[in-house]
Participant: 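What follows is a single structure, and I will ask about it in a moment.
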Amino acid sequence: MASAPASTSPANGAFGTILVIALVLVLAWQLAYWTWKFAAPGPSAASATTSAASVDLALAARLFGASAGAGPASSPDIKLKGVIAPTPGTTASAIFARTGGKDLAVFIDGEVRPGVKLAEVFPDHVIVTRAGVRERID
């Protein structure tokens, strides 16, 4: 009949115990590290806006044929009040609120003010041309 092997000497037992404890600690650290890598939330919105702010929007606007300050900031005296588009096509128009004056309804290709023509009408914005440069007014 076979018998169980004799126990190891106390010196080997202490070294083995220390080795097992060290390996368990390394395993626990690795599990915690990879769990945090895979389960951690993504980058916050604050850091996303910080990285997006470093993009030169004026350069991108000029690249696609728009002006650098397209939008309400470039036309402080003209604000879009609403749009009228019963059918798609050329029958659409837009209503602009002018500072210090009455509201103005303009059809496509009509002048909003001297030098500014209405080019396109969308449900939430319009495109105007100012000296051949297209601008968006929300």
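All residue numbers refer to positions in the sequence shown, counting from 1. These numbers were taken from a predicted model, which means no experiment stands behind them.
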Participant: Could you report the tightest heavy-atom contact between V112 and F96, atom names first, then the distance?
Facilitator: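 Looking at all heavy atoms of both residues, the shortest contact is CG2-CE1, 3.6 Å.
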Participant: For W36, enumerate each residue passing the side-chain hydrogen bond (donor to acceptor under 3.5 Å, both in side chains) test, keeping only those at least two apart in sequence or located in another chain.
Facilitator: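 side-chain hydrogen bond (donor to acceptor under 3.5 Å, both in side chains) check on W36 returns nothing, list empty.
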Participant: Just so I know, are the side chains of I95 and V83 near enough to count as touching, which here means a heavy-atom distance under 4.5 Å?
Facilitator: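 Heavy-atom side-chain distance check fails, nothing below 4.5 Å.
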Participant: Residues two or more places apart in sequence or in another chain: which of them pass side chain to side chain contact (heavy atoms under 4.5 Å, CB included) with L25?
Facilitator: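 L25 satisfies side chain to side chain contact (heavy atoms under 4.5 Å, CB included) with I21 once adjacent residues are dropped.
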Participant: Not counting sequence neighbours, which residues clear side chain to side chain contact (heavy atoms under 4.5 Å, CB included) with L104? List them please.
Facilitator: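 Side chain to side chain contact (heavy atoms under 4.5 Å, CB included) list for L104, sorted by chain: R98, V106.
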Participant: For residues 120-127, please give each side-chain donor-acceptor pair under 3.5 Å, one per line with the distance, not counting sequence neighbours.
Facilitator:
{"residue": "E120", "atom": "OE2", "partner": "R134", "partner atom": "NH2", "Å": "2.0"}
{"residue": "H125", "atom": "ND1", "partner": "R136", "partner atom": "NH2", "Å": "3.4"}

Participant: What residue pairs, at least two apart or across chains, pass side chain to side chain donor-acceptor pair (under 3.5 Å) with a residue in residues 18-34?
Facilitator: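 Checked against side chain to side chain donor-acceptor pair (under 3.5 Å) - neighbours excluded - the pairs reaching residues 18-34 are Q30-W34.
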Participant: Measure across I108 and A119 and return the closest heavy-atom pair with its distance rounded to 0.1 Å.
Facilitator: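 Scanning both residues, the minimum pair turns out to be CG2-O, 3.4 Å.
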Participant: Going through the checks in order, is the salt bridge (Lys or Arg N to Asp or Glu O under 4.0 Å) test met by E111 and K117?
Facilitator: CA-CA 4 Å; E111 282 198 344; K117 283 180 104 175; over 6 Å; no
Participant: Could you grab the distance from atom CD1 of I18 to atom CG of L23, nearest 0.5 Å is fine?
Facilitator: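 Here the rounded value is 12.0 Å.
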